[in-house]
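The next block holds one structure in the form of structure tokens; read it before the comments.
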Amino acid sequence: MFKSKIAGIGMYVPANVVTNQDLLKYMDTSDEWIQERTGIKERRFAHRTEETTTTLGVEASKIAIERAGITPQDIDFVVFATLSPDYYFPGCGVLLQRAMKMKEIGALDVRNQCSGFVYALSVADQFIKTGMYKNILVVGAEKHSFGLDFSTRGRNVSVIFGDGAGAVVLQAATQENQGILSTHLHSDGESAEILAMYNPGTHANHWSTEKLADFNDAEIGDMFFSHAMVDKAQVYPNMDGPAVFKKAVVKFPEVIMEALQANQLTTSDINVLIPHQANLRIAQFVQQKLQLRDDQVYNNIQQYGNTTAASVPIALCEAWEKGLIKEGDLVCLAAFGSGFTWASALLRW
Ligand code: UT7
């Protein structure tokens, strides 16, 4: 069985830089609060009408495909991870397939939020290993700036997120001991509601003792999307930040250690850890817990904020472009987020 390797990688972030100071126009917050609690200095916001989650993904994909030395027509499967799709359905995978004029290949969307890219990579890895596909495009992209509450009410969520995309082309490795060594996927739906966007949806307040949506009971259609939901701002992401933080700092180290142990490796073998860029404080906690040196961990949340499914491929791409990842290096990808879901992947570059 072949291992799969990253044959090309690309990233794209919108040109528009939004600083912490810029957010003060919309809400009661401060540069000091944001930097102290999250490490974020600025993020990028997509063009309101000319850029979508899919077009961000396309830009990153063009670079990844070119670097792999192939064309969009050579791609034989697409896996697209996002929580901010252009449409409720169909998914971004088919929109990307259309925009890039690919063949009538399979296009799969993954909805695992912050863990989305690592989940997507794991899915693609299985298809390469079995020989079913030769060139798989794996994309993580988000246009968060369209779906956040930028009033003071939503500040605990909206200051964190940014827009962007990353993509990789996965192919069968040509050398022994190169490529993805293993992937590890987990979930615990017990706390699904503490980091979630409930509406529009079909839940009809079924899962929670709390009322997650307001609707007129006169018309069943209103239960999906109603004026009351909009009026009461029930159409934005919800997050119990401290609860997410507490779980993240346990699950990140756990899933990284799981990957290392599965390959009889230790933390000192890691050349570069790319943690999902959720919060610089979480990444620092994980670094400390695993006793990793500064040069073993790559963070760029300071510049881009939390780009959810895009954060791992953006950080991976940037680290590689800076020459921080070299052939033969051991790279660990790890993510944790809404669901909860968490995941890791260990790669020999
Ligand atoms: O990638 C997806 C997964 N998500 C995460 O991993 C997020 C994990 N959680 C976090 O990163 C942190 O919990 C946050 C950065 C979201 C929040 O930091 P925190 O230190 O946990 O703050 P908090 O939610 O406990 O709020 C502390 C105070 C509150 O005021 P009071 O009640 O103490 O008066 C908030 O109202 O900070 C207030 N606050 C803000 N103040 C200024 C919340 N957001 C803001 C803000 N600006 N943007």
Side-chain angles (χ1 to χ4, degrees), residues 18-43 81-84 110-119 140-142 144-145 147-164 166 186-189 191-197 233 236-256 274-287 289 299-302 304-315 333-344:
V18 178
T19 64
N20 293 343
Q21 200 65 29
D22 292 331
L23 295 176
L24 266 66
K25 282 181 243 161
Y26 313 106
M27 65 185 81
D28 177 14
T29 186
S30 68
D31 177 44
E32 195 191 1
W33 190 96
I34 300 171
Q35 285 209 47
E36 192 186 302
R37 309 279 176 139
T38 70
I40 299 166
K41 294 179 198 287
E42 57 190 40
R43 73 286 291 139
T82 186
L83 68 68
S84 51
V110 165
R111 297 196 47 181
N112 284 80
Q113 297 68 247
C114 304
S115 314
F117 183 81
V118 185
Y119 263 73
E142 305 286 358
H144 282 307
S145 56
L148 298 172
D149 180 357
F150 284 104
S151 72
T152 297
R153 184 183 46 209
R155 65 183 180 175
N156 71 317
V157 175
S158 50
V159 300
I160 297 173
F161 293 101
D163 301 341
H186 295 279
S187 72
D188 174 6
S191 307
E193 282 75 19
I194 76 165
L195 174 49
M197 184 166 143
Y236 297 112
N238 246 359
M239 176 168 76
D240 176 347
V244 178
F245 196 107
K246 274 186 209 137
K247 190 87 172 179
V249 293
V250 173
K251 292 301 174 188
F252 264 111
E254 208 174 277
V255 81
I256 293 166
I274 308 279
H276 159 55
Q277 301 292 289
N279 181 328
L280 190 60
R281 308 295 160 236
I282 294 177
Q284 287 166 337
F285 192 97
V286 173
Q287 178 179 341
K289 175 105 197 212
N299 291 303
N300 62 4
I301 191 171
Q302 300 91 326
Y304 305 123
N306 178 343
T307 56
T308 309
S311 97
V312 167
I314 287 176
L333 314 178
F336 174 88
S338 160
F340 294 127
T341 64
W342 59 102
S344 63

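These figures come from a predicted structure and were not determined experimentally. Counting convention: from 1, in listed order, for ligands and their atoms alike.
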Original post:
Looking only at side chains, do N279 and T38 share a donor and an acceptor under 3.5 Å apart?
Top reply: no
Starting from the N and O atoms of ligand 1, find every protein N or O within less than 3.5 Å and list the pair with its distance.
{"from": "ligand 1", "atom 1": "1 (O)", "to": "H276", "atom 2": "NE2", "distance (Å)": "2.9"}
{"from": "ligand 1", "atom 1": "1 (O)", "to": "N306", "atom 2": "ND2", "distance (Å)": "2.6"}
{"from": "ligand 1", "atom 1": "9 (N)", "to": "G241", "atom 2": "O", "distance (Å)": "3.0"}
{"from": "ligand 1", "atom 1": "11 (O)", "to": "N279", "atom 2": "ND2", "distance (Å)": "2.6"}
{"from": "ligand 1", "atom 1": "13 (O)", "to": "G241", "atom 2": "O", "distance (Å)": "3.3"}
{"from": "ligand 1", "atom 1": "13 (O)", "to": "P242", "atom 2": "N", "distance (Å)": "3.4"}
{"from": "ligand 1", "atom 1": "20 (O)", "to": "R37", "atom 2": "NH1", "distance (Å)": "2.8"}
{"from": "ligand 1", "atom 1": "22 (O)", "to": "R37", "atom 2": "NH1", "distance (Å)": "3.4"}
{"from": "ligand 1", "atom 1": "36 (O)", "to": "R155", "atom 2": "NH2", "distance (Å)": "3.2"}
{"from": "ligand 1", "atom 1": "37 (O)", "to": "W33", "atom 2": "NE1", "distance (Å)": "3.2"}
{"from": "ligand 1", "atom 1": "41 (N)", "to": "W33", "atom 2": "NE1", "distance (Å)": "3.4"}
{"from": "ligand 1", "atom 1": "47 (N)", "to": "T29", "atom 2": "OG1", "distance (Å)": "2.6"}
{"from": "ligand 1", "atom 1": "48 (N)", "to": "T29", "atom 2": "OG1", "distance (Å)": "3.2"}
{"from": "ligand 1", "atom 1": "48 (N)", "to": "R155", "atom 2": "O", "distance (Å)": "3.3"}

Original post:
Mind checking whether H144 and F161 have parallel, tilted or perpendicular rings, split at 30° and 60°?
Top reply: tilted
Original post:
Which residues pass the ring-ring contact (aromatic ring centres under 6.0 Å, His included) test with Y236, sequence neighbours left out?
Top reply: none
Subject >> Which residues share a ring-ring contact (aromatic ring centres under 6.0 Å, His included) with F340, sequence neighbours left out >> reply: F336
Subject >> Which residues share a side-chain contact (heavy atoms from CB on, under 4.5 Å) with T341, sequence neighbours left out >> reply: N112, S115, Y119, S187
Subject >> Atom CZ of F285: over 12 foreign heavy atoms under 6.0 Å >> reply: no
